[in-house]
Amino acid sequence: MHHMTLAEIARGLADKKFSSEELTQVLLARIAQLDPQLNSFISLTPELALSQAKAADARRANGETGALLGAPIAHKDLFCTLGIRTSCGSKMLDNFKAPYDATVVAKLAAAGAVTLGKTNMDEFAMGSANESSYYGAVKNPWNLEHVPGGSSGGSAAAVAARLLPAATATDTGGSIRQPAAFTNLTGLKPTYGRVSRWGMIAYASSLDQGGPLARTAEDCAILLQGMAGFDPNDSTSIDEPVPDYSAGLNGSLQGLRIGVPKEYFGAGLDPRIADLIHNSIKELEKLGAVIKEISLPNMQHAIPAYYVIAPAEASSNLSRFDGVRFGHRCENPENLIDLYKRSRGEGFGAEVQRRIMVGAYALSAGYYDAYYLKAQKIRRLVKNDFMAAFNEVDIILGPTTPNPAWKLGAKNSDPVAAYLEDVYTITANLAGLPGLSMPAGFVDGLPVGVQLLAPYFQEGRLLNVAHQYQLNTDWHTRTPTGF
Ligand code: GLN
């Protein structure tokens with residue numbers, strides 16, 4: 001049962017082959033058995049899951065239908081869940097039970113999805129390896145000595161290990177696409193504003209976006225359908241109609257213009273990954289796509305710009321964790337300043353503290369123009385590059401990451417080495433564009449992802465291309481040994 005995709009589960013439930021309650025029991029038992037190897041969950045919610053599953057079964061018995069009705073999922077532990085711990089992977093929020101559901105959580109629950117638990121993540125979503133979590137590192141099911149990627153590493157490891165078919169995740173600089181690449185999943189970062197950020201604990205508000213992680217593009221379409229849409233509670237949510245993503249999967253790729261940026265194949269890219277990306281280009285050509293070389297000349301400036309803007313926004317967002325209103329509070333503070341200092345010093349881990357300091361520095365009066373303002377100008381240039389490219393092509397294709405998943409601990413002593421691995425993903429966040437990563441093969445037994453980027457609100461185009469590719473390749477069906 002655990003091998004089924006969301007689409008297969010929906011058919012099985014509709015045909016009464018099994019109930020959501022039965023499926024939920026199977027998956028909860030599987031998580032109890034296998035997750036100790038992976039550490040992909042921070043909290044399990046078996047009671048909630050079983051009551052949601054029973055309610056979904058009752059709704060189906062009453063004639064209701066829907067692809068998510070009775071479908072088991074999990075939420076990255078930065079989506080607020082009413083009455084359930086929402087930790088953001090941090091000691092700071094270890095004791096925090098959210099007083100409301102995030103819009104994404106509420107929408108998926110209303111569609112009948114069953115929440116099995118909250119998944120592990122890098123602390124405050126800062127990271128690319130899921131090693132900065134207060135709850136310990138997550139292991140990659142493809143090789144337990146390697147990282148699963150981050151920051152949505154728990155969602156990725158759990159879905160890749162067939163503990164559940166799909167999970168929510170968020171992407172500020174690659175945290176959906178990069179763990180998808182590292183664990184052989186399909187992951188979609190939507191256009192900024194497509195999915196509500198209300199109740200999603202903020203890392204960098206102008207970059208953060210929630211989206212689906214699943215094994216197939218077909219399943220990403222189903223989950224995105226349940227997540228997307230205008231939300232008056234989020235002032236950056238955009239009031240655009242949500243297309244029927246599943247209905248759009250079967251469009252022909254005949255004549256589709258794919259741009260391949262020449263800058264993507266420079267030094268730093270593992271040549272074996274380059275070969276796999278070229279193979280996926282050939283596959284898409286067979287399906288009728290036309291390939292064109294393009295240029296994104298400002299790409300090289302994107303990492304430094306991102307690592308000023310994201311920490312700057314984080315330093316502001318995380319100022320709310322002061323030991324006064326919620327979260328960790330130190331013992332016996334001597335005065336208010338001592339309360340702030342020790343609560344924050346004890347509650348935040350090293351990477352979070354580093355970024356708060358970098359961000360506060362970049363925003364400080366003497367340095368604002370030199371760092372923050374300059375980074376914002378680069379951000380505009382990166383966006384302009386994409387706008388020019390999309391005048392010529394329909395999608396942009398390249399690697400998701402320059403290297404496959406590294407060994408646990410390999411980059412812990414050198415944060416900048418980890419930052420450099422984000423080179424292909426962060427430009428989409430700076431520009432607010434949608435991006436998808438899908439399985440493209442293996443290097444040394446570790447999965448490799450190919451990334452597709454599209455113009456604003458063209459999530460459907462990404463899903464269509466990925467689905468057609470997956471109908472003609474079988475990388476996404478490969479299962480890690482032991483799971
Ligand atoms: N690796 C990037 C960072 O550490 C992106 C993280 C994310 O997308 N949440 O900031």
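Heavy atoms only: backbone and side chains are in, while hydrogens, waters and symmetry mates are out. Read the numbers this way: they start at 1 and go in the same order the structure lists the ligands and their atoms.
In terms of modelled atom types and a separation under 3.5 Å, the side chain of Asn39 and the main chain of Ala137 share a donor-acceptor contact.
Ser133 and Glu123 share no donor-acceptor pair across their side chains, judged by distance under 3.5 Å alone. Of the N and O atoms on the side chains of Asn429 and Asp171, at least one donor lies less than 3.5 Å from an acceptor on the other residue.
Contact check on Arg197 versus Asp231 returns no salt bridge, with no Lys/Arg side-chain nitrogen under 4.0 Å from an Asp/Glu carboxylate oxygen. Ion pairing between Lys411 and Glu421 holds under the 4.0 Å rule for side-chain N and carboxylate O.
Listed by first and then second residue, the salt bridge (Lys or Arg N to Asp or Glu O under 4.0 Å) pairs that reach into residues 457-470 come to none, sequence neighbours excluded.
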Does ligand 1 have any N/O pairs with the protein under 3.5 Å, and how far apart?
unit_1: ligand 1; atom_1: 1 (N); unit_2: Gly127; atom_2: O; d: 3.1
unit_1: ligand 1; atom_1: 1 (N); unit_2: Ser128; atom_2: OG; d: 3.0
unit_1: ligand 1; atom_1: 1 (N); unit_2: Asp422; atom_2: OD1; d: 3.4
unit_1: ligand 1; atom_1: 1 (N); unit_2: Asp422; atom_2: OD2; d: 2.9
unit_1: ligand 1; atom_1: 4 (O); unit_2: Gly127; atom_2: N; d: 2.9
unit_1: ligand 1; atom_1: 4 (O); unit_2: Tyr307; atom_2: OH; d: 3.3
unit_1: ligand 1; atom_1: 4 (O); unit_2: Arg355; atom_2: NH1; d: 3.1
unit_1: ligand 1; atom_1: 4 (O); unit_2: Arg355; atom_2: NH2; d: 2.9
unit_1: ligand 1; atom_1: 8 (O); unit_2: Thr172; atom_2: N; d: 2.7
unit_1: ligand 1; atom_1: 8 (O); unit_2: Gly173; atom_2: N; d: 2.6
unit_1: ligand 1; atom_1: 8 (O); unit_2: Gly174; atom_2: N; d: 3.3
unit_1: ligand 1; atom_1: 8 (O); unit_2: Ser175; atom_2: N; d: 3.0
unit_1: ligand 1; atom_1: 8 (O); unit_2: Ser175; atom_2: OG; d: 2.6
unit_1: ligand 1; atom_1: 9 (N); unit_2: Ala125; atom_2: O; d: 2.8
unit_1: ligand 1; atom_1: 9 (N); unit_2: Ser151; atom_2: OG; d: 3.3
unit_1: ligand 1; atom_1: 9 (N); unit_2: Ser175; atom_2: OG; d: 2.7
unit_1: ligand 1; atom_1: 10 (O); unit_2: Tyr203; atom_2: OH; d: 2.7
unit_1: ligand 1; atom_1: 10 (O); unit_2: Tyr306; atom_2: OH; d: 2.7
unit_1: ligand 1; atom_1: 10 (O); unit_2: Arg355; atom_2: NH1; d: 2.8

